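All heavy atoms count here, side chains included; hydrogens, waters and symmetry mates do not. What you are looking at is a predicted structure, and each value in this text was computed from that prediction instead of being measured.
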Amino acid sequence: MKHAIAVAVGLFAFAALCGAQEHEYWLKIERNGVGFGWEHTRIVSFPGGQREYRIEGLKKIDLIGLSPQEIAHQGAFRVDEDLRPLSFGFRVQFRDRETQVNGQCLEGRMRLSTVESNGEKRERELNCRDVFFSVVLEDLILRRAGEKSFRLTLFDPSSKQLRPTEVRVTRTDATEVEAQVGGTDHYRIGRAGGVREVRIPTLSMRAFRSSSEDARNIAYLDTADGLTLTVRATGDLPNPFRAKKVPIAVAWRNVSPEEFRFEDKRQRVLRASASDGAHRVLLDLSRTDIRGNGIAAPVRASGFSEYLGEDEYIKPADPAVRRQLADIRGEETDAYAIVKRILEWMQANIRTDLIVETLSAPEVLERRSGKCSEHAILFASLARAAGIPVKIVLGEAATSRSWVGHLWNEVWIGEWLPVDPSMASFVVGPSHLKLVDAPTVAGTQSLRMKLVDNLALEILSFEEDQSASSAELKTGIVGNTYTRSLSE
């Protein structure tokens with residue numbers, strides 16, 4: 001995603017050479033008419049053709065109306081006359097945490113160094129042949145507009161990952177070039193240089209050229225407006241943790257049902273229908289029992305390698321993760337018992353904190369806090385370190401007033417079983433509505449983006465388990481978010 005929209009950050013560079021020429025512009029970032037962020041870009045051109053893109057910006061995010069936060073960033077990206085990367089510096093300030101990343105391209109390799117405010121330092125290398133910094137995308141589009149369509153690979157400084165990207169030029173004239181990026185995002189770029197507007201329809205967001213005064217006139221964006229898949233369901237669900245059986249209809253538009261993975265041990269599809277791009281699926285959510293079945297860890301079965309691997313966030317091979325897992329499991333070899341021990345340890349040691357950023361497993365261990373994604377990431381890392389296959393699950397969790405987008409897990413111990421580390425328990429009833437699962441966090445996000453402002457739930461009936469004791473009724477609800485408190 002374009003640097004003006006992504007939470008991309010960096011270390012601001014101040015070098016200036018004699019004869020350098022500079023131009024600048026401001027972008028205001030808004031969702032559904034609410035301005036919540038700005039970005040200021042200065043492009044300095046040096047004798048010999050090199051350029052430096054100097055970026056600074058701020059975003060104000062109120063996570064589901066409960067946690068106002070500001071994210072500030074600065075960055076400087078040096079490129080050659082062909083816009084190919086030479087070096088960059090990159091800094092983000094979030095609460096009391098600062099992350100600084102520096103990189104240099106030499107002989108086709110990008111050497112990255114990341115330093116956290118606690119002194120932790122990490123280094124890695126990436127291929128940088130035929131790779132461009134994301135901040136030069138608009139100038140690449142101007143230069144290659146005559147090709148009409150082309151593919152390239154961008155380096156995203158927010159995630160420190162390479163992103164294959166497709167560009168299709170849709171309109172050109174004497175003053176502007178318009179292009180579609182990644183199949184959905186729409187860019188409008190002035191021939192004189194600089195973005196005039198970026199529209200991201202899937203998120204109802206745009207960044208547009210503005211004055212410095214107007215760009216900085218922003219407010220906190222309450223992500224409970226639908227950005228975090230917050231949905232007020234039609235129909236009543238008095239206590240989802242006492243629910244025995246709940247039929248729920250899920251409706252959306254213009255997304256193939258093949259992108260969903262609705263079913264798990266508690267949840268099955270009863271029927272589905274579609275008309276003119278509108279889809280509706282009726283699900284049966286029923287309470288179930290979950291018990292151990294004697295499977296030993298590491299699990300000895302084929303076909304699970306992708307559910308034991310690593311990604312940007314899940315790090316089962318990390319030394320800190322492996323040390324923590326060894327302390328948690330002791331001499332235990334039963335997979336079900338190890339899962340229970342991980343959940344108990346997380347309940348006692350990882351607190352809930354509604355942060356905007358997403359942390360890797362080692363970072364969660366360092367900070368001992370995070371939202372649902374951090375709980376799911378750390379659980380997956382610890383369980384995979386024990387050789388237990390784990391999925392990442394995206395869906396909806398019931399709260400006191402609505403359903404909220406939520407991440408949890410499934411573990412394979414003879415069968416796939418849903419487990420929610422945020423609530424330190426297996427998921428046994430209709431409190432969670434599954435939409436999709438994947439081996440990685442990123443694997444759930446394509447569908448997530450398509451469901452922003454595009455999801456409706458209808459509770460058709462509600463059957464309670466009157467025999468459930470209060471100790472079983474882990475509500476997970478305080479205000480409008482989850483917790484581990486028990487219902488009385």
Side-chain angles (χ1 to χ4, degrees), residues 261 263-267 288-350 359-366 368 370 372-395 406-429 432 434 436-444 474 484:
R261 299 289 184 271
E263 298 196 342
D264 67 9
K265 188 173 176 65
R266 319 154 297 120
Q267 182 174 310
T288 187
D289 293 325
I290 292 179
R291 298 183 178 89
N293 51 20
I295 297 292
V299 172
R300 306 294 185 186
S302 60
F304 292 107
S305 61
E306 62 181 341
Y307 300 108
L308 292 166
E310 295 201 351
D311 71 359
E312 178 183 351
Y313 303 106
I314 301 169
K315 303 291 185 183
D318 181 83
V321 171
R322 299 190 74 84
R323 286 193 300 269
Q324 190 61 69
L325 184 275
D327 183 63
I328 292 170
R329 74 179 293 182
E331 300 299 320
E332 183 61 66
T333 60
D334 181 81
Y336 178 79
I338 292 171
V339 169
K340 295 285 285 185
R341 288 191 181 189
I342 294 172
L343 292 174
E344 291 166 1
W345 181 87
M346 290 186 65
Q347 181 177 29
N349 293 278
I350 308 298
L359 304 178
S360 67
E363 291 172 324
V364 182
L365 283 177
E366 172 70 25
R368 298 296 176 108
C372 63
S373 56
E374 282 70 43
H375 285 77
I377 286 165
L378 180 57
F379 175 85
S381 300
L382 291 167
R384 289 182 183 184
I388 301 171
V390 181
K391 294 179 179 179
I392 300 292
V393 179
L394 169 71
H406 191 50
L407 284 183
W408 64 94
N409 302 98
E410 290 178 14
V411 293
W412 196 90
I413 44 180
E415 60 180 325
W416 287 109
L417 301 177
V419 57
D420 188 349
S422 297
M423 300 181 185
S425 64
F426 284 92
V427 181
V428 297
H432 295 53
K434 175 181 175 180
V436 70
D437 64 64
T440 65
V441 176
T444 67
K474 185 172 292 187
R484 302 187 185 91

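Across every non-hydrogen atom of I290 and L417, the tightest pair is CG2-CD1, 3.6 Å.
Using a 4.5 Å heavy-atom cutoff, the side chains of H432 and R266 are in contact. Looking at heavy atoms from C-beta onward, F379 lies in side-chain contact with V419 at the 4.5 angstrom threshold. Taking the side chain as every heavy atom from C-beta outward, T440 and I392 never approach each other to under 4.5 Å. For the pair L359 and I377, the minimum side-chain heavy-atom distance is 4.5 Å or more. Side-chain atoms of N409 and V393, non-hydrogen and from C-beta on, never get closer than 4.5 Å to each other. R384 has its side chain out of reach of P389: every pair of non-hydrogen atoms, C-beta onward, lies at least 4.5 Å apart. E310 places a side-chain heavy atom less than 4.5 Å from the side chain of P316.
Residue E306 holds its CD atom at 10.0 Å from CZ of F304, rounded to the nearest 0.5 Å. Put simply, OG on S360 and CD1 on I314 are 11.0 Å apart, with the number rounded to the nearest 0.5 Å.
In this structure, Y307 has its ring center closer than 6.0 angstrom to the ring center of W416.
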Would M346 and L378 satisfy side-chain contact (heavy atoms from CB on, under 4.5 Å), going step by step from the backbone distance to the final call? CA-CA 9 Å; M346 290 186 65; L378 180 57; 4.2 Å; yes

Determine, step by step, whether D289 and V428 satisfy the side-chain contact (heavy atoms from CB on, under 4.5 Å) criterion, reporting the C-alpha distance in whole Å, the side-chain angles of both residues, the deciding distance to 0.1 Å, and the verdict. CA-CA 6 Å; D289 293 325; V428 297; over 6 Å; no

Please lay out, stage by stage, how Q324 and D327 fare under the test side-chain contact (heavy atoms from CB on, under 4.5 Å). CA-CA 5 Å; Q324 190 61 69; D327 183 63; 3.7 Å; yes

Apply side-chain contact (heavy atoms from CB on, under 4.5 Å) to V390 and W412, showing your working. CA-CA 7 Å; V390 181; W412 196 90; over 6 Å; no

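Under the 3.5 Å distance criterion, the side-chain polar atoms of K315 are matched with a main-chain donor or acceptor of D311. At least one donor-acceptor pair under 3.5 Å links the side chain of R368 to the backbone N or O of L365. At least one donor-acceptor pair under 3.5 Å links the side chain of R329 to the backbone N or O of E332.
Considering only residues two or more places apart in sequence or on other chains, E263 meets the side-chain hydrogen bond (donor to acceptor under 3.5 Å, both in side chains) condition with none of them. Taking the side-chain hydrogen bond (donor to acceptor under 3.5 Å, both in side chains) definition, one finds that K434 meets it with E410, D437, sequence neighbours left out.
For H375 and D420, the side-chain atoms include no donor-acceptor pair closer than 3.5 Å.
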